[in-house]
Protein chains: 4
Amino acid sequence: MGAMPTRALPAQTRRAPASARGARTRQALVEAARTVFERDGFIDARITDISAEAGVAAGSFYTYFTGKEDVLAAVLAEVEDEMLHPRLREFADRDDPVTVIETANRAYLEAYRRNAKLMGLMEEVAQVDERFRRLRRRRMRAFAERNAQALARLQEQGIADPALDPRLAAQALSVMVSRMAYLRYVDGFGNDSTDALAATLTRLWTGALGIRR
Amino acid sequence: MGAMPTRALPAQTRRAPASARGARTRQALVEAARTVFERDGFIDARITDISAEAGVAAGSFYTYFTGKEDVLAAVLAEVEDEMLHPRLREFADRDDPVTVIETANRAYLEAYRRNAKLMGLMEEVAQVDERFRRLRRRRMRAFAERNAQALARLQEQGIADPALDPRLAAQALSVMVSRMAYLRYVDGFGNDSTDALAATLTRLWTGALGIRR
Amino acid sequence: MGAMPTRALPAQTRRAPASARGARTRQALVEAARTVFERDGFIDARITDISAEAGVAAGSFYTYFTGKEDVLAAVLAEVEDEMLHPRLREFADRDDPVTVIETANRAYLEAYRRNAKLMGLMEEVAQVDERFRRLRRRRMRAFAERNAQALARLQEQGIADPALDPRLAAQALSVMVSRMAYLRYVDGFGNDSTDALAATLTRLWTGALGIRR
Amino acid sequence: MGAMPTRALPAQTRRAPASARGARTRQALVEAARTVFERDGFIDARITDISAEAGVAAGSFYTYFTGKEDVLAAVLAEVEDEMLHPRLREFADRDDPVTVIETANRAYLEAYRRNAKLMGLMEEVAQVDERFRRLRRRRMRAFAERNAQALARLQEQGIADPALDPRLAAQALSVMVSRMAYLRYVDGFGNDSTDALAATLTRLWTGALGIRR
DNA sequence: AATGAATGAGCATTCATTCAT
DNA sequence: AATGAATGAATGCTCATTCAT
């Protein structure tokens with residue numbers, strides 16, 4: 001399966017640093033930006049705070065980035081592999097579908113929890129910037145299509161409810177998991193354990209798909 | 001069913017207008033605020049735009065409201081009944097659970113679609129203001145508890161999967177519907193018809209709950 | 001003859017103040033702007049200096065003007081009547097054309113000298129801002145046309161050289177006077193007296209037009 | 001007639017390049033500067049644009065020049081012969097003064113037209129930098145003195161109006177031509193042909209000087 | 001109650017110039 | 001000689017909020 005092929009944001013950006021020193025400065029800025037974003041959120045983060053946190057002059061920021069959105073894109077690019085949607089792995093006929101689903105859901109919840117700050121940041125910025133909204137849509141579409149294929153396969157095998165629209169069903173169930181993760185780990189809603197969440201969500205998935213246990 | 005029990009936001013607010021003229025001005029401001037919020041979003045809306053839209057002087061705004069959040073609370077209070085979560089009505093033993101669920105989901109999707117601007121506003125503002133985030137949590141909890149009770153009853157009757165945590169399951173399924181509605185009607189994701197959405201979501205609900213058809 | 005009909009600059013501007021207090025503040029800003037512009041020139045003038053000179057808060061500037069160009073337009077509007085190009089008054093057949101020309105030239109030189117700072121400002125800003133360049137062209141055209149008519153009349157009367165293109169000739173002679181005034185009073189070129197300048201320029205005009213003395 | 005006696009600007013400048021490579025880089029910068037100045041004007045031209053246009057690193061600029069004024073001086077030095085004022089050539093008693101004047105005016109207008117960008121640059125920069133203002137004054141003085149001598153000679157010969165102050169008259173008439181050229185070719189005022197301009201200006205010159213045709 | 005003028009904090013961004021490699 | 005990264009000063013403009021009429 002490997003890493004998700006999400007391309008970089010089509011963000012206008014500066015050219016890559018030509019020297020090692022430049023690469024170091026750029027990196028320092030990306031790390032500082034992550035710190036500041038996680039601490040203050042996207043809207044309240046000031047460019048000067050990022051520069052200060054990175055220990056460079058205010059103007060140096062613009063040597064590498066065109067603005068806040070641009071660094072954010074760089075920050076997100078760095079953690080792209082962890083920014084998952086719940087995704088079923090390919091499974092062979094002999095695999096137990098319930099286990100596959102459970103594994104995917106649990107992995108997703110745990111990744112979300114680990115990167116909660118960043119995931120919240122994504123939601124915040126998607127609310128505010130069309131470019132990131134587009135990115136979110138693109139990612140979701142990619143995941144939904146993948147899961148739709150897995151679901152279609154289960155239907156062909158007579159394992160899943162054939163009456164379901166595989167695309168819509170896959171999307172809805174993905175969204176259920178990701179939104180629950182958001183509410184639990186970002187919004188602070190409820191205090192259920194990741195285990196409890198994973199168990200319930202998996203049971204809902206399998207039931208929803210009509211998979212017999 | 002009756003009115004939703006969500007109390008008004010504990011927003012600091014000015015006293016109610018004493019005169020009829022004052023009442024009219026206040027009302028004009030609330031309506032203007034809704035117009036401006038729906039047009040520009042919460043963050044980009046400026047108090048002066050609201051005053052201008054209402055046809056009053058800038059300063060008059062503060063006679064009635066303490067700030068942007070305060071008017072927004074007033075706007076939301078006016079349309080409170082339209083701000084729904086998917087909710088199962090009480091149902092008697094003779095009712096068909098599938099029909100009850102389908103009706104609730106369809107009604108919710110349609111209400112969401114009708115009030116898409118406002119629902120998007122809620123999401124935007126929840127992202128930005130803790131007080132509205134709290135409001136959102138409170139509402140969700142109320143709905144989830146209601147639906148949890150309905151679900152528990154279905155379990156008692158042997159209709160729904162007894163292995164499910166009724167509270168978590170109710171929350172997850174509600175969240176699935178409301179997030180799908182947000183993506184479809186606010187974010188512009190996909191182009192599925194409300195019928196298709198309602199059908200798929202209902203099928204997922206019933207399957208997830210283990211209700212036999 | 002009366003005031004020149006030069007319309008206001010098509011500059012985007014704020015609405016006029018509604019109260020007497022507002023009118024006073026606006027006026028203070030216009031006067032402060034003139035002071036600052038004459039002292040520092042257009043490019044080096046800072047909005048905050050103008051606000052400070054007027055004794056108002058920085059932000060108040062924007063209650064009345066949209067920017068530096070906008071105040072400058074207001075400053076220039078106030079002194080519009082003094083901002084002349086050399087212009088022949090209407091004259092009857094019995095008037096001595098030489099005297100008419102001499103009077104116009106002298107008046108122009110004196111007005112230019114009096115408003116030298118402002119005239120220099122005009123040249124500076126025309127160099128920098130297309131809107132003012134347009135204004136300068138428009139004014140010049142208006143003056144040239146007027147003088148061209150006077151010249152054509154002299155030609156009809158057999159007083160002026162009939163071989164001259166009245167429009168081009170009028171423009172060239174006007175330009176000669178105004179540029180000499182600029183060099184003398186703004187640029188500091190030479191140290192000839194206004195009398196000497198007026199005498200020479202008039203002699204050149206009359207000779208150029210072929211008027212017999 | 002020979003080269004114009006205007007010395008180079010007393011601009012502070014770096015030493016001449018020692019190596020052939022250095023000479024090439026310097027030359028590339030001068031040419032790039034001319035390109036950028038003609039394209040963007042003096043004020044809007046950025047040093048980094050000049051370096052980029054020359055294909056060298058930003059810092060290399062300072063190996064050869066101290067700043068923008070300094071390169072500009074180098075650019076102007078390269079085209080010094082083209083930066084003319086209207087100037088009468090020496091003429092013998094047998095020459096027709098009208099022809100001499102006409103030739104000078106036409107040559108000037110054509111040179112101005114050819115170098116309009118550069119002439120406009122000179123005006124722009126004179127508005128902004130005292131050093132170039134001084135240069136402009138010095139040139140004008142040199143030309144006016146030359147023409148004053150020619151005029152005085154015509155007066156001695158009984159050809160030109162003896163009542164004119166030769167210096168002021170020469171200056172005024174030169175200024176008339178050069179300003180008309182500026183307005184026509186830089187500012188875009190009017191659309192008269194160079195022929196028409198030359199004809200009118202010459203007629204005005206000869207009339208102004210009282211030369212019989 | 002309404003008016004509308006005044007306040008003033010707050011921050012992004014550019015670009016000439018330097019200087020270590 | 002050339003490179004190119006780092007510096008950092010400098011200022012325009014918005015808009016929520018107050019308060020004198």
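Each chain gets a letter, A, B and so on, in the order the sequences are listed, and its residues count up from 1. The model shown is predicted, which means the values in this text are computed figures rather than measured ones.
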Once rounded to the nearest 0.5 Å, what's the spacing between atom CZ of B:Arg21 and atom OG1 of B:Thr25?
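Those atoms lie 6.5 Å apart.
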Which heavy-atom pair separates C:Ala74 from C:Arg26 by the least distance, and what is that distance?
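Scanning both residues, the minimum pair turns out to be CB-NH2, 3.8 Å.
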Just to confirm, is there a sub-4.0 Å distance from OP1 or OP2 of [N] to any side-chain nitrogen or oxygen of [X]?
X       : N      : answer
B:Arg46 : F:dC15 : yes
B:Tyr64 : E:dA2  : yes
B:Thr63 : E:dA1  : no
A:Thr48 : E:dA12 : yes
B:Tyr62 : F:dT17 : yes
C:Thr25 : E:dA5  : no
D:Ser19 : F:dA1  : yes

Should B:Arg34 and B:Glu31 be marked as a salt bridge (Lys or Arg N to Asp or Glu O under 4.0 Å) after you check the CA-CA gap, both sets of side-chain angles, and the distance that decides it?
CA-CA 5 Å; B:Arg34 179 168 183 174; B:Glu31 282 163 21; over 6 Å; no
Take atom [atom1] of [X] and atom [atom2] of [N], then tell me their distance rounded to the nearest Å.
X       : N      : atom1 : atom2 : result
A:Ile43 : E:dG10 : CD1   : C1'   : 16 Å
D:Phe65 : E:dT18 : CZ    : C1'   : 18 Å
B:Arg26 : E:dA2  : CZ    : C1'   : 17 Å
C:Phe61 : F:dT11 : CZ    : P     : 15 Å
C:Arg24 : E:dG4  : CZ    : P     : 16 Å
C:Lys68 : F:dT11 : NZ    : P     : 10 Å
B:Glu69 : F:dA16 : CD    : P     : 11 Å
A:Ile50 : F:dA6  : CD1   : P     : 16 Å

In terms of the nearest nucleotide of DNA chain F, which residue is placed more toward the 5' end: B:Ala58 or A:Pro17?
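This one resolves to A:Pro17.
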On DNA chain F, compare the nucleotides closest to A:Gly22 and A:Gly59; which residue's is nearer the 5' end?
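Looking at DNA chain F, the more 5' nearest nucleotide goes with A:Gly22.
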Taking C:Arg46 first and then C:Asp40, would you say they form a salt bridge - that is, a charged N and a carboxylate O separated by under 4.0 Å?
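So C:Arg46 does not pair with C:Asp40 through a salt bridge.
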Assuming nearest nucleotide by heavy-atom distance, tell me which of D:Ala45 and A:Ile47 is located more 5' along DNA chain E.
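Final value for this comparison: A:Ile47.
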Ignoring the backbone of B:Arg21, work out which of E:dG4, E:dA1, F:dT7 is nearest its side chain.
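Taking heavy atoms from C-beta onward, the closest nucleotide is E:dA1.
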Looking at the side chain of A:Ala57, which of F:dG8, E:dG8, F:dA5 is the nearest nucleotide?
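Output: F:dG8.
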Nucleotide forming a Watson-Crick or wobble pair with F:dA1, both distances under 3.5 Å:
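WC or wobble partner does not exist here.
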Under 3.5 Å on both distances, the Watson-Crick or G-U partner of E:dA12
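Pairing partner: F:dT11.
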D:Glu123 and D:Gln127 side chains, donor-acceptor separation under 3.5 Å:
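D:Glu123 and D:Gln127 do not have a side-chain donor-acceptor pair below 3.5 Å.
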Against the six-membered ring of B:Phe42, is B:Lys68 placed for a cation-pi contact (under 6.0 Å from the centre, within 45° of the normal)?
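Yes, B:Lys68 and B:Phe42 form such a contact.
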